[in-house]
Amino acid sequence: MKFEIKKRDAAGRICRFTTKHGTVTTPNLMPVINPNKMVITPKEMKKLFGTEIVITNSYIIKKDDKLKCEALEKGVHHLIDFDGTVMTDSGTFQSYVYGNIKLDPIEIVKFQRDIGSDIGTILDVFGTPDQTKKEAEQAVKETLKRAKKSTPEKDTMLLACTIQGSIYPGLRKKCAQQLSKLDADFFPIGGVVPLMENQRYTDLVRCILSSKQGLDPSKPVHLFGAGHPLIFPLAVALGCDFFDSSAYVKYANDGRMIFPWGTEKLDDLSELPCCCPVCSKFTASELKKIQKDEAILQLAKHNLYVSFAEIKKIKTAISEGWLWELVERRANSNPYLLESLKELMKKENKMWLEQFEPISKNKALFYTGSHTIHRPIINRIHRRLLTRYKQNSDTTIVFPEGKKPYASFYSQRIKSILKKGNVNIVVHTYIGPVPIELDEMYPFAQSVFPETVDKETVEFSQQIFDKFLKEQKVIRWKENKATLEKIIFQEETIDMDLRKISAVADMQFGKDAAKALFCGDIKIVKSKKTGKIRNVYCDGQHILSMRASDGLFTLKIKGAYLLHTYFKYPKLRVTVENDAVSFIKEGKSVFAKFVKDCDPNLLPRDECLIVDEKDNLLSVGRCLLNRTEMLSFNYGMAVKTREPVK
Ligand code: GUN
Ligand code: ZN
């Protein structure tokens, strides 16, 4: 099995997943195929929706003699006439729904292997939400036992080992940790169907988070039995890679239509709020009148169009960096889902989410509501302000929110203030306190808030503001002379450019990075067109470039030397194995399997120093993965290198 990250946002990722029947891009949706009754055939799904992977049920196949013989003889792909990736389930769900059915846990795994399933599933024990902790523990114990016994039987089939544990986060996490130690390939999060059915999204979020927190991050994760697109964005943002949908046909049988915001009964609709080929061909009243089987087929098609469209939207959101926005927008369409976002604000979950969050994005951060201020990227920038930013003086002048970029908007005032004395200048914004030197840095410049926001945001950013200026003498700017007179006159020239590059360096690379980098004669080159800082030279050597898009630095090898000399190992380092050294020196990128270790504080999109096992500097590059990912992935790029040592 090959599984590699290509793009990422939040804890979500676009990956390439390779099986014996080709490569699948995640996040992805597996329509459930009932081999007894295919409302839409997999082949047609491939044509209509680009379906790359489907899931069918080995228990249903095994208990029907005809299906069983055909599957054993010609394989499951032949049985359902599909040449893409086929996953099979084991009968766990049937035994949950219909009570104790006769099934041997190891026989069913061998059967899946023998019919040529690409991904087979163990016969896990379905953990229901109403289980006591003791019962749940027992079910997990049995699931683990079966998983252990199943792995030796898998042969070349990939094996899915389902995480159970009812609604007990500790138990889920433990189950995930234990399963991660086995020779398993695929990790469904099980037992969530009753949570979905009852819209218990807070519990669902807890199940996903605790399972993910116990799992090896390099493994594909499937949210078992959660086929409604309403929850896809959130589940992906928390790290789920696969969904399966039987909902498309179940709902169709019931006359219900799936939409990104929820479900509607066809009978209640006078208009079809959708542009899929089905809804473009029929009006609501026409669809209501057609013959039953045909109506089911059309509704099933609509349901899949909508479900796959949401997957495409999520992939776009990941590529472009607006997955959290999509999550918040979807949450705004369902109160239970909105409530579940509170789970993400718990300290442990906040910290967990932050390690996956890229340092900057391609797109500006958009406010969608009271949850925006709690996004991991804002959380991080607040902490960095409190721990990395160095105040220039003990006095701070505070400007109210103004037009961006603040330094231009307030340029006249800044000039008159700095003529008087060396003070800090901070803009009081909804995203938090913005020191004027950082006004072009992501996400300060690249964020859009409306003129008035909700109370929670106001209060939260006020708290950060107060913490940030706790030890400062604060002077709120007023358009009068008195403000200036409060500043103690000092005869010194203040170099705003140097202040800016120093503040950005400390925020980006860590406390004292400015000291390390700007240790000689500094020359700053600006763009003739925009007046923005472009390149920074130290003693004639080009050490940094500033990106116009996010106001952060890209590191040149001469700058890397300075940081490498100043900061002790492992700070900012990605250490590669000896075998990879010559490749890195040639300018090749660092693949995850060659990473020996990594600074735990390095994050996706961070600049890093690439070193050998003796901490000799080899190159400089940009991280695509965090430390735990670098150490667990066997495939894919970990660091994109930019400039090896000469
Ligand atoms: N289908 C829906 N939920 C589950 C689950 O928990 N386990 C298995 N094996 N299949 C499922
Ligand atoms: Zn439609």
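Remember, it's 1-based here, ligands and their atoms both numbered in the order they're listed. Atoms considered below: every heavy atom in the structure, side chains included; atoms not considered: hydrogens, waters and symmetry mates.
The aromatic ring centroids of Phe17 and Phe186 lie less than 6.0 Å from each other.
At a heavy-atom cutoff of 4.0 Å, ligand 1 is contacted by the side chain of Val193 but not by its backbone.
The N, O or S atom of His302 with the smallest distance to the Zn ion (ligand 2) is ND1.
In this structure, Phe308 and Phe49 have parallel ring planes: the angle between them is below the 30° cut-off, well short of the 60° mark. Ring geometry, Phe633 versus Phe3: the interplanar angle falls under 30°, so the pair is classed parallel (tilted spans 30 to 60°). Between Trp261 and Phe259, the angle of the ring planes stays under 30°, which puts this pair in the parallel group of the 30/60° scheme.
Of all the atoms in ligand 1, the ones that sit under 4.0 Å from a non-hydrogen atom of Thr92 are 7 (N), 8 (C), 9 (N).
Atom 1 (N) of ligand 1 has Phe224 CD2, 3.4 Å as its closest protein atom, hydrogens excluded (heavy atom only). Protein heavy atom closest to atom 3 (N) of ligand 1, with residue, atom name and distance, is Phe126 CE1, 3.4 Å.
Metal site remark for the Zn ion (ligand 2): Cys276 contributes an N, O or S atom at a distance under 2.8 Å.
Within 6.0 Å of NZ in Lys281 there are 12 or fewer heavy atoms belonging to other residues, nucleotides or ligands.
An N or O contact shorter than 3.5 Å links Gly191 to ligand 1 by distance. Considering backbone and side-chain N/O atoms, Asp89 comes within less than 3.5 Å of an N/O atom of ligand 1.
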